[in-house]
Structure formats: C-alpha cells, structure tokens
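Here's the structure we're looking at; comments come further down.
FYI, the numbering just counts along the sequence from 1. Note: hydrogens, waters and symmetry copies are ignored here, and every other heavy atom, side chains too, is used. Atoms within a ligand are numbered from 1 in the order they appear, just like the ligands themselves.
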Amino acid sequence: MSTQAHQTVHISLEDRSYSILVGDALFDSAATYAGLPKGSTALVVSNTTVAPMYAQRLQAALRGHYRAVLSLELPDGESFKHWQTLNLIFDALLANHCDRKTVLFALGGGVVGDMTGFAAASYMRGVPFVQVPTTLLAQVDSSVGGKTGINHPLGKNMVGAFYQPQLVVCDLGVLKSLPAREVSAGLAEVIKYGPIADMEFLSWIESNIQRLVALDTDALAHAVKRSCELKAWVVGQDERESGLRAILNFGHTFGHAIEAGLGYGEWLHGEAVGCGMVMAAELSRRLGLVDEAFVNRLKRLIVAAGLPVKGPTLDAGDNPGRYLELMRLDKKSDAGEIRFVLIDGPGRAVVRAAPDAVVREVIDACCS
Ligand code: NAD
Ligand code: GLY
C-alpha cells in the first residue's frame, strides 16, 4: 500500500471485492500496487492524450512487480469506443504472447476504462485488470462497479460485460491536467448521487461547487470519496443491475438519446447526463413526484457546474418522436416500454414508465 496519505473505499462483492484508493501521488508509486498478485506481464492501455502525460510514470511504478511492462496507445475519443479499437487491445495481447496472468491497467477516462475492462473480461475468458482513472467522471463513476463495454452504432454501451477490477486508483493529482469542459462533465456524475441517494451530499456540492470547478484538492477528495462510497453501496447490493443499480442511470435515458442522436463525441457523456437529469427531474415534476423548487434547485447546480440544461434538437420535424425512438433502445426498456429513473422525493429515486404524451411535453419544454 502507498506510504502517501490516502483514503480507501471498499466495495464488497464476495470474491470480487476490491479497494478504491483516493488520494494524491498514488498512481506512480510502486507501493500502490504492492498488494496485487505478481504476474509476468502488465499491459498499460491508455490513449494518445493521456499516455504522453502519465504512461511512463505508471510503467516505472509497475516495473518492480512485473517482468515485462508493455504499453498500448488507443485513439482518443468516444467515437473510437467500438470493436475496431477494442481489437487493438487483443492484437497487442496476442502479438506479445500474453498469458492468463497478464494484468491490464486502464490508464485514462471512462472510454479507456470501459474498453480495457471489456478486453480483460474476454481475453482468454478473463484476465485481471486495474483501473487507474484519470478523469473526474471515471474516478467517481465509470472505474467503479464493473460495467465494461463498447458502443454500437445503434446504441450506447450495448455490447459489454460485468467484470470487476482488482483495484481502483483515484489519483487526484492527475485531474489537474483536465480541460475545464471535462471537469464539468465529471461533476454531472458527482451531482447525480445527491438527488438519488444523499441530499446532504447535494447540499455539500452546492456549497462547494466553485471549489470543485477550480479543482481544489480537499474538495475533490471529499467528492470522489463520497461518490465512490455511494456507488459501492448501490453496487454491493445489486452488482448486475437487476433492480436498485438502475438508479445510477438518473439522467442517462435522456442523456444517451442526446449522445446517440447527435453522434457520439459531439456532446460529452457528462454534458448529456447533466442535461438529462434536468429533463428527468422535469418529468418527475410533471408526474407529481417532486415540486418545481426541486427542479429549479437541480438546474441551478447544473448551470453552476458549467453544464448545459437545454437539450439539443435531434430532429427538426418531430424532435420528441426522435428522442422517444432513441430512448426505446435504452437497456432499461422493457418490451419497448421506456423506463425512466425519476425522483420521487428528495434523495429517493424510482424506476418506472411514463406516458409518451408527458415525455413529449418534457422534451418540448426542455429542448432549444
Ligand atoms: P473520456 O474517457 O473520453 O475522457 C475525456 C477526455 O479527457 C479524453 O479526451 C481523454 O483523453 C482526456 N483525458 C483523460 N484524462 C485526462 C487527464 N488527466 N488530463 C487531460 N486529459 C485527460 O471520457 P470520460 O468522461 O472519462 O468517460 C466517458 C465514458 O465513460 C463514456 O463512454 C461513458 O459511457 C462511460 N461511462 C461508463 C460508466 C461505467 O459504469 N462503466 C459510467 C459512466 C460513464
Ligand atoms: N454508471 C451507472 C452504473 O455503473 O451502473
């Protein structure tokens, strides 16, 4: 374990349990990885943006632990989260004769993490992997909980596996190089935890939003730790999303429609989720579950985080129709019926269907 000060969140999943480390100067310290089983080979998977900044430092930290430390740079971007890019990981593993004890290290944001995790789930039917998330979004959400996968042209994250990492290393220092837009995108997934599970955390975020936007280390440490605790609490009860875990998709049903409708990468995932939360809150209000003050409170926070609150027009002819068409592809849909994560009281979420007519009104009211 690292000698640097850090906090640990445990995720309890029987033999798939693991730790999430949160702190500064962690990812490039050999001590961070000392508890992992020894293996002959490590493959650091990163991308063309993150690798030049951080890959060599991670490789150096791993050298005492593995006989060979290989690295691979994937193209950067949501638009590359597909089969062809995934195959580059299998190419590298096979070309280097990597065996079943090879450990994959995902060094990057959610795109690298989701693809590396899926490669680890399927290479030789499963090899270990470690998440070293380098975006705020990945630290508070995507690196934790074992959802891995890729996009399909017809739907986001439609091909993948539940596969847990052995360790998650959230180094707050690497967030300093994030562009402001990516910080805002990550804050969407931080804010998400408030309305669905912890109103006290929502109030804390409201009071500290400027510190978070400015990447204040103490504020980030609390936000990342609390987000991971809340995610661990949910995933610990429902690893494979047979029920409760769906609440983590608050804002995602509208958000995924925005991402797919505009083309992946046009809006950042966190931007789409931020706007999607406003739309889901407005739908909750129109169904009589929360009041207008709650929707406005959430909207103010999303604006303060630097995120959009007006959805894009996806079809000039029938915009609500296009949203509905895309949302029917959502993984939560049941026999073509869209199931939304709604807020049915501050700090409480429910997953249920809504009449198309009301959803259409929400889309008309919330899109520019
Ligand atoms: P991303 O992985 O595309 O990263 C955003 C951008 O920041 C990229 O250009 C990346 O190269 C760059 N970057 C990463 N770290 C950096 C750093 N430290 N300094 C400078 N630049 C850096 O996007 P993301 O927001 O991290 O993740 C979004 C993805 O995560 C989506 O594909 C989404 O579906 C997925 N996701 C998965 C889960 C899950 O549970 N598995 C949850 C939420 C989101
Ligand atoms: N990001 C949603 C989930 O992990 O379930």
Side-chain angles (χ1 to χ4, degrees), residues 11 27 45-55 57-58 73-82 85 106-118 121 131-151 155-165 168 170-190 192-193 196 215 227-228 230-232 234-235 237-253 255-256 259-260 264-265 267-274 331-332 341 351:
I11 182 152
F27 92 98
V45 181
S46 192
N47 71 22
T48 49
T49 304
V50 178
M53 292 187 277
Y54 301 117
R57 286 163 63 188
L58 175 58
E73 282 183 31
L74 304 177
D76 181 10
E78 184 73 36
S79 59
F80 292 102
K81 190 180 170 183
H82 52 43
T85 313
L107 175 69
V111 171
V112 166
D114 280 12
M115 282 197 293
T116 306
F118 190 29
Q131 289 272 16
V132 186
T134 62
T135 63
L136 180 58
L137 183 140
Q139 294 194 355
V140 300
D141 192 358
S142 65
S143 65
V144 174
K147 279 190 181 175
T148 71
I150 53 172
N151 298 330
K156 186 158 165 61
N157 296 333
M158 280 295 166
V159 181
F162 287 100
Y163 193 67
Q164 301 295 340
V168 180
C170 297
D171 189 320
L172 305 170
V174 302
L175 302 180
K176 302 288 180 199
S177 55
L178 272 183
R181 193 176 165 202
E182 298 292 348
V183 175
S184 293
L187 287 172
E189 301 279 16
V190 176
K192 166 184 88 177
Y193 292 108
I196 62 168
L215 294 175
S227 299
C228 289
L230 289 163
K231 183 147 187 186
V234 172
V235 172
Q237 295 173 75
D238 180 22
E239 180 183 8
R240 299 176 77 88
E241 200 169 307
S242 44
L244 177 71
R245 185 166 179 168
I247 67 170
L248 297 174
N249 280 311
F250 177 49
H252 287 58
T253 310
H256 284 169
E259 287 187 89
Y264 298 121
W267 275 33
L268 300 179
H269 175 71
E271 291 171 338
V273 167
K331 286 190 285 306
K332 290 185 299 306
V341 181
V351 183

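- Under a 4.0 angstrom heavy-atom cut-off, K231 registers as being in contact with ligand 1.
- Scanning the protein for heavy atoms near atom 4 (O) of ligand 1, the closest one is T135 CG2, 3.6 Å.
- Among the candidates T85, V111, N151, I150, the single residue satisfying the side-chain contact (heavy atoms from CB on, under 4.5 Å) test with F80 is T85.
- With a heavy-atom cut-off of 4.0 Å, V111 touches ligand 1 through backbone and side chain alike.
- At a 3.5 angstrom cut-off on N or O pairs, D141 counts as close to ligand 2.
- Assignment of Y54 to the shell around ligand 1 is supported, since a heavy atom sits closer than 4.0 Å.
- For atom 20 (C) of ligand 1, the candidate residues are S177, A272, A188, S46; the nearest heavy-atom contact is made by S177.
- With respect to K192, the side-chain contact (heavy atoms from CB on, under 4.5 Å) criterion is satisfied by exactly one of L187, I247, L248, V140: L248.
- Using a 4.0 Å cut-off between charged side-chain N and carboxylate O, K81 and D114 make a salt bridge.
- Polar contact with ligand 1: absent for M53 (N/O pair, distance under 3.5 Å).
- Counting heavy atoms closer than 4.0 Å to ligand 2, residue K231 contributes side-chain atoms (C-beta onward) but none from N, CA, C or O.
- Numbered from 1 in the order shown, with element, the atoms of ligand 1 that lie under 4.0 Å from a heavy atom of K81 read 31 (C), 32 (O), 33 (C), 34 (O), 35 (C).
- Under the 30°/60° scheme for interplanar angles, the aromatic rings of F27 and Y54 are found to stand perpendicular.
- For ligand 1, the atoms sitting less than 4.0 Å from at least one non-hydrogen atom of D76 are 8 (C), 9 (O), 10 (C), 11 (O), numbered in the order shown with element in parentheses.
- For the pair V168/C170, a side-chain contact is recorded, criterion being any heavy-atom separation below 4.5 Å from C-beta on.
- The contact set between ligand 1 and D141, taken as ligand atoms under 4.0 Å from a residue heavy atom, comprises 42 (C), 43 (C).
- For atom 6 (C) of ligand 1, the nearest non-hydrogen atom of the protein is E182 OE2, 3.3 Å.
- When the heavy atoms of K156, M115, R245, K147 are ranked by distance to atom 41 (N) of ligand 1, first place goes to K147.
- Nearest to atom 16 (C) of ligand 1 by heavy-atom distance, out of L178, V112, N157, T48, is L178.
- When hydrogens are left out, the protein atom nearest atom 39 (C) of ligand 1 is S142 CA, 3.5 Å; that is the closest non-hydrogen contact.
- Of the options V183, V50, N151, D171, the smallest heavy-atom separation from atom 12 (C) of ligand 1 is shown by V50.
- Here the shortest heavy-atom pairing between G274 and A188 reads N-CB, 3.9 Å.
- Ion pairing of R181 with E271 is present here, as a side-chain N (NZ or NE/NH1/NH2) and a carboxylate O approach within less than 4.0 Å.
- For V174, a nitrogen or oxygen atom sits less than 3.5 Å from a nitrogen or oxygen atom of ligand 1, counting backbone and side chain alike.
- Contact annotation for N47 and ligand 1: only side-chain heavy atoms (C-beta onward) come within less than 4.0 Å of the ligand.
- For atom 35 (C) of ligand 1, the closest non-hydrogen atom on the protein side is D114 OD2, 3.4 Å.
- Regarding atom 31 (C) of ligand 1, its nearest protein heavy-atom neighbour is E78 OE1, 3.1 Å.
- Annotation for A246 and V351: closest pair CB-CG2, 3.9 Å, computed over non-hydrogen atoms.
- Counted by atom type alone, E73 and N47 present zero donor-acceptor pairs between their side chains at under 3.5 Å.
- Residues Y163 and F118 keep their aromatic ring centres 6.0 Å or farther apart.
- Scanning the protein heavy atoms around atom 30 (O) of ligand 1, the nearest turns out to be G110 CA, 3.3 Å.
- Of all protein heavy atoms, the one closest to atom 15 (N) of ligand 1 is T134 OG1, 2.7 Å.
- Only the side chain of T49 comes within 4.0 Å of ligand 1, counting heavy atoms alone; its backbone N, CA, C and O stay farther away.
- Side-chain atoms of H252 and E259 include no donor-acceptor pair closer than 3.5 Å.
- T48 and D76 are not linked by any side-chain donor-acceptor pair at a separation below 3.5 angstrom, with hydrogens and angles left out of the test.
- L137 CD2, 3.8 Å is the protein heavy atom nearest to atom 28 (C) of ligand 1.
- Scanning both residues, P133 and S143, for their nearest heavy atoms gives CG-OG, 3.5 Å.
- K332 and T253 form a side-chain donor-acceptor contact under 3.5 Å, judged by distance and modelled atom types alone.
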